[in-house]
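The structure appears below as structure tokens.
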Amino acid sequence: MAMAGDRWLSAKAAERRARTNIRYQTGAKALRSAWRSGATENGWALEDWWVPGVDALTRALIEGRAATSAYAQLGRERAESGHGIRATLADVFTLHQQMASSDRPPAPAIRALAQAWAAATLAPVRVMLCADFASPAQLRAGFIGLFRDALPDGLAVLVVEAPQPATNSEWETVTLLLEASARTPSVFAAEAPMARTSPQRAVALVRYEAGPTLRRAGLKSIQLVPLPRDLSAAGALVAQAGKDQD
């Protein structure tokens, strides 16, 4: 009898799991359909829009699971498919506009997506994006650690600021920087991270003569500060560049 009871309980548990899976699959399908409709209204072609990360993200959101890795997957796949960071971010905002619980993605989601997009796009020059806010002290320590053995000639710290009037997105500065880096990756210092220092400011290391190239690539509100050969003095300038100006 115990075995029969166990089998009955196992059958009921399996049935509940099946109903739950169907509910999740139905919810994910509905969310994906609404997202797809919003994306096509915004100009996406259906054959370009779907990637496996779309399914991974909608399923994670419907099931209430941590979705950071799914956002990262989507960012990486969008980059590998040749889609720009602006379109990629806008499409995720479109997704959240279809959800009753939130009309914008949480900051950790955007960070994961942007970092994964940057990692895939800038892999040839080994430049990374630090999407968390970096303090001046962190910038200095990271710079000195990176160039402790040798500081290359001709480097400058690039400061990118939000255009005025500022857009309604706190990610506009990073978007502009990533768009420019995708168009002109060779002007950025290899293995040196880009970093956000505030919603309105981001910094990176570039070749000093890169100013005209970066402006043609769409960066208008920028400063270029040439770095001295002395590592400590250069680190101090990098830290200073990360401070918001009053």
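Worth knowing before you read on, the calculation uses all heavy atoms, side chains too, and leaves out hydrogens, waters and symmetry mates. Predicted, not measured: the structure shown is a model, and the values here were computed from it.
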Worksheet entry | Residues Val238, Val203; criterion side-chain contact (heavy atoms from CB on, under 4.5 Å); working and verdict | CA-CA 9 Å; Val238 169; Val203 298; 5.8 Å; no
Residues passing the side-chain hydrogen bond (donor to acceptor under 3.5 Å, both in side chains) test with Arg65, sequence neighbours excluded, are Glu63
CZ (Arg104) and NE2 (His96) are apart, to the nearest 0.5 Å, by 10.0 Å
- Please assess Glu172 against Arg86 for the test salt bridge (charged side-chain N to carboxylate O under 4.0 Å, His left out), listing each intermediate value before the final yes or no. CA-CA 9 Å; Glu172 178 64 13; Arg86 188 177 297 277; 3.0 Å; yes
**Q.** N-O pairing of Arg111 and Asp132 below 4.0 Å
**A.** yes
Residues 173-206 vs ring-ring contact (aromatic ring centres under 6.0 Å, His included), sequence neighbours excluded, gives none
Here the gap from Thr213 atom OG1 to Leu219 atom CG, rounded to the nearest 0.5 Å, amounts to 11.0 Å
Across all chains, not counting sequence neighbours, the side chain to side chain contact (heavy atoms under 4.5 Å, CB included) partners of Ala67 are Leu57, Ala60, Leu61, Tyr71
The side chain to side chain contact (heavy atoms under 4.5 Å, CB included) partner of Ile85 among Val174, Leu176, Leu177, Thr175 is Thr175
Value for CD1 (Ile62) from NZ (Lys29), rounded to nearest 0.5 Å, stands at 13.5 Å
I want to check something: taking the side chain as every heavy atom from C-beta on, are Pro226 and Glu209 in contact at a cut-off of under 4.5 Å?
no
Q) Do we get Arg32 above Trp50's six-membered ring, with its NZ or CZ under 6.0 Å from the centre and within 45° of the axis? A) no
Output for pair (Gln98 CD, Ser33 OG), nearest 0.5 Å, gives 9.5 Å
| Ile222 and Val159: side-chain contact (heavy atoms from CB on, under 4.5 Å), yes or no, with the steps? | CA-CA 5 Å; Ile222 65 173; Val159 180; over 6 Å; no
Please evaluate residues Arg196 and Glu170 with respect to the criterion side-chain contact (heavy atoms from CB on, under 4.5 Å), reporting the C-alpha separation (whole Å), side-chain torsions for both, the decisive distance (0.1 Å), and the verdict.
CA-CA 11 Å; Arg196 297 175 77 208; Glu170 66 180 74; 3.7 Å; yes
Trp44 meets the side-chain hydrogen bond (donor to acceptor under 3.5 Å, both in side chains) criterion, sequence neighbours left out, with none
Output for pair (Gln73 CD, Asp55 CG), nearest 0.5 Å, gives 9.0 Å
Full working for side-chain contact (heavy atoms from CB on, under 4.5 Å) between Trp49 and Arg78: CA-CA 9 Å; Trp49 177 77; Arg78 289 283 189 241; 3.4 Å; yes
With the side chain counted from C-beta on, respond yes when Met194 and Ser181 share a heavy-atom pair under 4.5 Å apart, and no when they do not.
yes
Thr94 meets the side-chain hydrogen bond (donor to acceptor under 3.5 Å, both in side chains) criterion, sequence neighbours left out, with Asn42
Salt bridge (charged side-chain N to carboxylate O under 4.0 Å, His left out) filter on Arg36, not counting sequence neighbours, yields none
Rounded to the nearest 0.5 Å, the CG atom of Leu237 sits from the CG atom of Asp230 at a distance of 10.0 Å
Those residues at least two apart in sequence (or on a different chain) that pass side-chain hydrogen bond (donor to acceptor under 3.5 Å, both in side chains) with Asp153 are Arg229
Quick note, ring-ring contact (aromatic ring centres under 6.0 Å, His included) partners involving residues 199-218, not counting sequence neighbours, are none
Sorted by chain and number, sequence neighbours left out, side chain to side chain contact (heavy atoms under 4.5 Å, CB included) with Ser135 holds for Ala137, Gln138
Applied to residues 128-149, the ring-ring contact (aromatic ring centres under 6.0 Å, His included) test, sequence neighbours excluded, yields Phe143-Phe147
Query raised in the report: Counting N and O atoms only, with roles assigned by atom type, does the side chain of Arg183 sit under 3.5 Å from a partner on the main chain of Ala217, one being a donor and the other an acceptor?
Result: yes
By salt bridge (charged side-chain N to carboxylate O under 4.0 Å, His left out), Arg76 pairs with (sequence neighbours left out) none
Side chains of residues 113-131: which donor-acceptor partners sit under 3.5 Å, not counting sequence neighbours?
| from | atom 1 | to | atom 2 | distance (Å) |
| --- | --- | --- | --- | --- |
| Gln115 | OE1 | Ala131 | N | 3.0 |
| Trp117 | NE1 | His83 | O | 2.8 |
| Thr121 | OG1 | Trp117 | O | 2.9 |
| Arg126 | NE | Glu191 | OE2 | 3.0 |

> Taking the side chain as C-beta and beyond, is there a heavy-atom pair between Asp91 and Thr88 under 4.5 Å?
Replying inline: no
